[in-house]
Amino acid sequence: MNIDGITNGLVIDHIEAGKGMELYNALHLGDLNSSVALIKNVSSHKMGKKDIIKVDEVLDVDLEVLGFIDPNITVNIIKDNLIVGKKHIELPKKVTNLIKCKNPRCITSTEQELPHIFKLTDPKTRTYRCIYCESKAKEN
Amino acid sequence: MDNLIDILDLSVEEIDELVEKAKDIINNPDAYREKCRYKKLATLFFEPSTRTRLSFESAMLDLGGYVIGFSGANNSSAAKGESVADTVRTVGCYADIIAMRHPKEGAPLVASMHAGIPVINAGDGGHNHPTQTLTDLLTINMEKGRFTDMTIGLCGDLKFGRTVHSLIEAMSRYAGIRFVFISPKELKLPSYVVDDYLVKNNIPYEETTDLMSALPGLDILYMTRVQRERFFNEEDYIRLKDSYILTREKLSVARPDLTVMHPLPRVNEISVDVDDDDRAAYFKQVRYGKFIRMALILKMLGIE
C-alpha cells in the first residue's frame, strides 16, 4: 500500500504494531484539519511489523506522551521534502493526566479535580507510580 | 523540612536529630514549656483516632502553643463536599502547622501542596504513618540505647500493617540489624518490601510461622493487630486473628532484656497479664510518641 510522501510535516515512525491508534488519540490528531495518515502493520526489518503516523503539518507534539507510550518511537520533521530534524524520545520522569489512578483508596478517587500525576520510579521496568498513593500504573 | 508525608522524607541524620531532641525534652521538659507560645497547631482528623490526635494536641500544649481542629469529617466542611485543597487553604489562614489524618491515600500530600504552612501526615489510610514510625524509633533508642546490632522480630499481620513496613524501611538503614518475621502464611510480608528493602540492602532475615521458636533470639518483639477492616472476608479474619497471641507464659522463654512493642490499639494479641512485665514497652511507647511529636513540631516550625 502506498501513502504519498509529505512536503512539510511529521513522520512518527517505529510505533509498536497496534499502538498507532492509541497514539493518534493521545496526541489528539483527530482534531486537526490537515491530512493525517495512520498506517498499520507496515513490515519492518527491525520490528517485524510496525505502525506509522504521517501528519501533513509541523506540529509541536507532546513528547511526554510519546515517551510514555513507547520510548522507541522516532519523530522526523519534514520541511520541503527533506528530513530537517529528529526528536529524541525519552521515558518522561512524570506524566500528568495521561493515565488515571485506579486505586479506590486513592484521594484522586474522591476528589475529581485533582490532576492524575504519575512519577517514573524504575526506568528499567518502566514502572510509574501515582504520586499520591504510590500504586503502580496498570498496563492499559 | 517543609512537610512530613513519608518517613523516607527524613534522612538518617534528621531522624537522629529528632530522637536526640526528644530525649532532651524528656530530660528537661521545663526548658520547652514556652517554645511554641502563640503558635497554633491545627489537627485535621477526617477519621477517628485516640492516640495520634491526643498525642499531637498534648505535644503542642506542652510546648506552650494552642490547638484548633476537628475530629471526624462530619464535623468539618468536608461533609458539605469541600475539597482537601480548599479546607487546608482555609486552615492555612489560621494556623501555623497542620497534623492531618485522612482515610484516603495521598490526602496529606495534596494538603501539603496547598496549605502554605507545614503539613504532617498523621496517617493516610493504609498508606503512610510517619509519626508512628518516629515513635517506634524513639522507643527502640530509649529502651536499647542504640539503633544498631539487634534482632527485631515482627509478629502478626505483616501483609497489611503499614507501621511494620515503615519500621522495616527505617531500621534497614542502620548497621547490624537482623529481622525475624513471624506470621501466618496468609499475612506474610509482601514481596516488594522484601525485595525493596531487605534483598536490596543485603539485610539478613528469616520468616517463620512459629512465635515460640523465634522468641528466645529476639532483642525486640514488635506485635501487631490483625485488623478486621483489611479483610474482605469475615471467616478469614476470625480464623487468623488469634493466631499469634503473646502471653506471660510464652514470655518465659524470651530474653530478660527483650523489649515488647505494639503500635496500639491492641485487641487480644497481647494478653493483659503481660502488661506489668518489665519487658512490656507499649505504654511507654505511647508516652514517647508525645515527645517525638514535640521534637517534630519544633523542627518544622524552625524553633531551636
Side-chain angles (χ1 to χ4, degrees), chain A residues 16 19 22 25-28 60 62-72 90-140, chain B residues 3 5-9 44 46-47 73 76-89 100-115 119 121-130 160 162 165-166 169 190-193 195-197 199-200 227 229-232:
Chain A
E16 190 186 319
K19 283 206 170 174
E22 185 187 338
N25 289 328
L27 294 172
H28 305 291
D60 238 351
D62 188 342
L63 297 180
E64 196 180 77
V65 171
L66 288 180
F68 179 75
I69 291 175
D70 186 350
N72 299 318
E90 285 175 349
L91 271 184
K93 299 261 181 307
K94 201 171 90 173
V95 291
T96 302
N97 288 334
L98 193 59
I99 33 173
K100 296 267 177 199
C101 183
K102 291 175 182 156
N103 173 7
R105 297 178 304 275
C106 179
I107 184 68
T108 54
S109 71
T110 45
E111 303 221 339
Q112 314 295 331
E113 81 291 356
L114 282 175
H116 287 239
I117 305 173
F118 282 76
K119 261 197 329 203
L120 179 64
T121 55
D122 188 349
K124 264 190 229 151
T125 54
R126 287 167 62 180
T127 303
Y128 284 83
R129 286 183 186 272
C130 171
I131 64 159
Y132 306 104
C133 69
E134 297 176 83
S135 295
K136 274 190 199 175
K138 298 265 187 311
E139 293 287 331
N140 288 317
Chain B
N3 302 290
I5 304 302
D6 184 325
I7 191 67
L8 294 180
D9 294 344
L44 311 185
F46 292 81
E47 67 174 9
S76 78
S77 281
K80 301 175 196 163
E82 186 170 49
S83 66
V84 167
D86 285 0
T87 303
V88 298
R89 274 191 198 107
M100 178 175 171
R101 168 164 294 187
H102 199 285
K104 290 288 178 178
E105 300 174 7
L109 178 69
V110 174
S112 71
M113 293 166 168
H114 300 282
V119 173
N121 181 359
D124 57 340
H127 185 218
N128 281 319
H129 193 2
F160 298 106
R162 63 182 168 188
H165 304 167
S166 300
E169 278 177 42
S191 58
Y192 72 86
V193 178
D195 293 343
D196 287 3
Y197 303 108
V199 176
K200 197 167 144 193
Q227 297 190 50
E229 61 264 34
R230 305 273 180 249
F231 285 87
F232 289 109

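A quick note: this is a predicted structure, and the numbers were derived from the prediction, not measured. In what follows, chains carry the letters A, B, and so on, assigned in the order in which the sequence lines appear, proteins first and then strands, with residues in each chain numbered from 1.
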Exercise for review: Name the region of E113(A), side chain, backbone, both or neither, that has any atom closer than 4.5 Å to a heavy atom of chain B.
Suggested key: side chain

**Study point:** Other residues, nucleotides, ligands: >12 heavy atoms within 6.0 Å of K119(A) NZ
**Key:** no

Check your understanding: Is the number of heavy atoms from other residues, nucleotides or ligands under 6.0 Å of E90(A) CD greater than 12?
Key -> no

Heavy atoms only: give me the nearest [X]-[Y] pair and the separation to one decimal.
| X | Y | value |
| --- | --- | --- |
| I107(A) | V110(B) | CG2-CG2, 3.8 Å |
| T110(A) | K104(B) | CG2-CE, 3.5 Å |
| E111(A) | V84(B) | OE2-N, 2.9 Å |

Practice item. Quick one: pull up CG in L114(A) and CE in M113(B) and give me the separation to the nearest 0.5 Å. Key: 8.5 Å

**Study point:** Spacing of OG belonging to S109(A) relative to CD belonging to E105(B), to within rounding of 0.5 Å
**Key:**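 Those atoms lie 9.0 Å apart.
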
